[in-house]
There are 2 protein chains.
Amino acid sequence: MIQEQHQARTVGGTPQAAGHASLRRTNLSLVLRHLREHGSTSRSDIAEATGLHRATVSNLMVELLDRRLVQEVGVDHAGAVGRPRRAVALHGAHIGALGLEINVDYVAAHGVDLGGNVLVDRRLGFDAAGSGSSRSLRELGLTAREAIEEMTRAGATPAGIGVAVPGLVDVDHGVVAFAPNLDWHDVPLAARLSSALGPLRVPVTVDNDANLAALAEYTSGVAAGTADMVYLTGEVGVGGGIIVDGRLLRGADGFSGEVGHLPVDPSGGRCGCGRFGCWETKVGLAALVRMATPERAYGPGSGPVPDPEERVAEIARDLAAGDQQTLVAVAEVGRWLGLGGSILVNLFNPRVIVVGGYFATLAGWLLPFAQAELERLVVAGPAARCRFVASDHGFGAASRGAANVVINQIVNDPTAIMRTG
Amino acid sequence: MIQEQHQARTVGGTPQAAGHASLRRTNLSLVLRHLREHGSTSRSDIAEATGLHRATVSNLMVELLDRRLVQEVGVDHAGAVGRPRRAVALHGAHIGALGLEINVDYVAAHGVDLGGNVLVDRRLGFDAAGSGSSRSLRELGLTAREAIEEMTRAGATPAGIGVAVPGLVDVDHGVVAFAPNLDWHDVPLAARLSSALGPLRVPVTVDNDANLAALAEYTSGVAAGTADMVYLTGEVGVGGGIIVDGRLLRGADGFSGEVGHLPVDPSGGRCGCGRFGCWETKVGLAALVRMATPERAYGPGSGPVPDPEERVAEIARDLAAGDQQTLVAVAEVGRWLGLGGSILVNLFNPRVIVVGGYFATLAGWLLPFAQAELERLVVAGPAARCRFVASDHGFGAASRGAANVVINQIVNDPTAIMRTG
């Protein structure tokens, strides 16, 4: 259809070169997206579904096969009457996408190829909060380099790197404007990581961790395809990624979804951000640890929690053993989770709130309290059906989402790959 | 371009009848939208801008002229070299759109024709909160009937009625699910108003007042065209309409933007909704009146305020006279307005928060406090530039928005008019 639009715009029968290149890119993308969403299929089915001429599809397919983005996969008999048709499918095993995440206490990497095969999936403990941005970026660079080597050995050259960061990100410039729990201000992450990777010359993009995790949940997972959805990270900090009508909500500056510092209790305690009564001080991991095991408390606010995974495992063991103090603490955190959730439901009216991180680990104990409080507070009452659901992506949601974004970029503009491939 | 897409989908050279009708509707709409956005212009400019063939545009224009949706407006010399071209413009003076609003203490009507001329603009005091849904609907029906008669006398037959209601609306069925400040539950407003209008047979749609006001602000007014924007009603209740990336945020059930009952103070007073510390109990008109003139207080929560306009005028006079108690009260309400605003900025990252109702009337006193508190609390700090701005639509924003929606329906499907016109 795009081609026809172009023809209609052509003046005096002379095709416009720039328009033609962009048109071909759009049509290549249209075909790749169709294959990605529908799996293997025939050329005539692609023509039918996209509205492109059969001849145009065949022509595009020559280029996609030539670039090994697509492969012939034999004969498609599905529902066919008459002669069987040759089917094609996404290939791209030589093209990789790398997602990285740096968070308060770990670095993660998730590497895939265009065909969806997972080549790298790794999480390493690292005290980013205590290391400053320079040492953290060096660690991130090492992790990236190792992942790239591993993917390359497996035959896939990374075409791009996406990095997830728990903070406010200027996506256009790849700059972390402010990451409260890392104490980062105006860190030009994309430029620094690119220069650390030097001759590898892989393009780097940066985004908020909760945004990327929300995209991953929207693509696959417990609430995949839910057009109105909120994702909450459950770490030392709490971040939000918001899908509205099937699209990530970004806002005017890309700073949307900052749920952690919602002012929920004017008489509450001091937050790491300097304000009082932020939601994070009620539901962040530090709050739970403080309430459940006050003998191990380590100062106010949402500062780093030593060995967070060990703390969460310990709390889970205490809960299983019926420890009264821990049960009371989890109920309290659950209710505050529900109160914050009700704010999100009143404002966004999502169908599902997917919770990750420690919220997911302790979901069985936390979510009943959260769900009850949510339903008590939501203005629309039962008419606004919204469930808390635990993510099954584990701690990898954000890096997985970062890799997805790179894949989407490739699918949206396959010609960029071709020039470098 | 749509036509070409259709041709690409046509099988075996036989055009498909259903597809053809929908195609023609889409192309008629494309032309009308272009005229609406760009004013008078020539057929060849329309062809150029829309990508339709010149012959197709001429053909569509015959139909649009015939139906008096478009008129010839003489000769367009703008920027022309060579021979002058005949220009066309939107006409539609015979087609009307009526917006109505029912709120706690008034009913409003805003009638326009397709060409944008305002034919009716009226607001009547009415105690809807104290009247129950049946008497309120009778009042709304009378107002609608008078407005329709007036518009018809002016030569414009209303093609549709939009109704704004301060509550949760099931837009698909025209049912008000819950309007706390009217004490309405599951009121089938569209069906009841249609039946009250009887043989006039004008289609009725219903939507939330803040949503419609937000659409009106997005279309014209102090923040027109701002892609990321929040609108707040400032009445006895406080509602929100949210524009995200140029589109109204509706959510999974159409219940988004319920800002009035955000739980901002767990230790706060009881709200009319039965919960405690809702934002409305801090910034609703009742809260201000209670704080500014406690000698006239009339119970807790956000119940109806007698003579609200008179109260606001009185408060404005006291402020101008430097009354200490009133100044303190406005500062307090302004700070709570800023706190709630910071929640909206943290979550939506809008460029502007447009305030209507009494917030707009008292903007000069309220907004400095609100803006300062907003800037103190927003996580992104100055990087997320967001200003409070007073609406200049007065109390008519919602009914104006409701009329806009009807106009949009006509422009999106001009053939519906033609069948009835």
Side-chain angles (χ1 to χ4, degrees), chain A residues 1-9 11 47-48 51-53 168 170 177-178 180 226-228 240 242 244-245 247 249-267 273 275 339 342-351 376-381 383-386, chain B residues 1-9 47-48 51-53 168 170 177-178 180 226-228 240 242 244-245 247 249-268 273 275 339 342-351 376-381 383-386:
Chain A
M1 67 187 150
I2 310 292
Q3 183 165 26
E4 313 299 335
Q5 175 182 357
H6 173 70
Q7 285 176 352
R9 282 170 181 261
V11 181
E48 173 78 13
L52 292 168
H53 287 291
L168 301 163
D170 175 347
F178 178 38
T226 306
D228 295 283
I242 293 148
V244 169
D245 202 10
R247 305 194 305 174
L249 185 151
R250 290 202 170 275
D253 309 287
F255 295 160
S256 62
E258 267 306 310
V259 300
H261 303 277
L262 290 175
V264 293
D265 184 5
S267 59
C273 75
R275 300 173 189 83
L339 179 134
S342 80
I343 295 179
L344 301 173
V345 173
N346 285 339
L347 295 180
F348 296 102
N349 185 204
R351 180 65 72 231
R376 192 176 73 79
L377 291 174
V378 164
V379 175
R385 292 176 292 115
C386 181
Chain B
M1 66 185 152
I2 311 292
Q3 183 165 25
E4 314 298 337
Q5 175 181 354
H6 174 68
Q7 285 177 351
R9 281 167 183 263
E48 172 78 14
L52 293 168
H53 287 291
L168 301 163
D170 174 349
F178 179 39
T226 306
D228 295 282
I242 295 150
V244 169
D245 202 12
R247 305 195 306 175
L249 185 149
R250 290 202 171 274
D253 309 286
F255 297 160
S256 62
E258 266 305 310
V259 301
H261 303 278
L262 290 175
V264 293
D265 184 5
S267 58
C273 74
R275 299 173 189 81
L339 178 134
S342 80
I343 294 179
L344 301 173
V345 173
N346 285 339
L347 295 180
F348 296 102
N349 184 204
R351 181 65 72 231
R376 191 176 73 80
L377 291 174
V378 164
V379 175
R385 291 176 292 114
C386 181

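Hydrogens, waters and symmetry mates are skipped; everything else that's a heavy atom, side chains included, is used. Per chain, numbering begins at 1; letters A, B, ... match sequence-line order.
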Which region of [X], side chain (C-beta onward) or backbone (N, CA, C, O), has a non-hydrogen atom less than 4.5 Å from a non-hydrogen atom of chain B, or is it both or neither?
X	result
A:I343	both
A:R351	both
A:S342	side chain
A:A177	neither
A:F348	both
A:A227	neither

Just how far is it from atom [atom1] of [X] to atom [atom2] of [Y], taken to the nearest 0.5 Å?
X	Y	atom1	atom2	answer
B:D245	A:D245	CG	CG	11.0 Å
B:H261	A:N346	NE2	CG	8.5 Å
A:D228	B:L249	CG	CG	7.5 Å

(message) For A:P350 versus B:A252, what's the shortest heavy-atom pair and its separation?
(response)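 Smallest heavy-atom distance, with atoms named: C-CB, 4.3 Å.
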(request) Step by step, work out the side-chain contact (heavy atoms from CB on, under 4.5 Å) result for A:F255 and B:V378. (result) CA-CA 10 Å; A:F255 295 160; B:V378 164; over 6 Å; no
(request) Select, from B:G268, B:C386, B:P266, the one with the greatest count of heavy-atom pairs under 4.5 Å involving chain A. (result)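 Most pairs with chain A among the choices: B:P266.
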(message) Shorter than 4.5 Å, heavy atoms on both sides: which option in B:L344, B:V345, B:L339 has the most such pairs with chain A?
(response) B:L339
(message) Check this for me: B:R275, atom CZ, are more than 12 non-hydrogen atoms of other residues, nucleotides or ligands nearer than 6.0 Å?
(response) yes
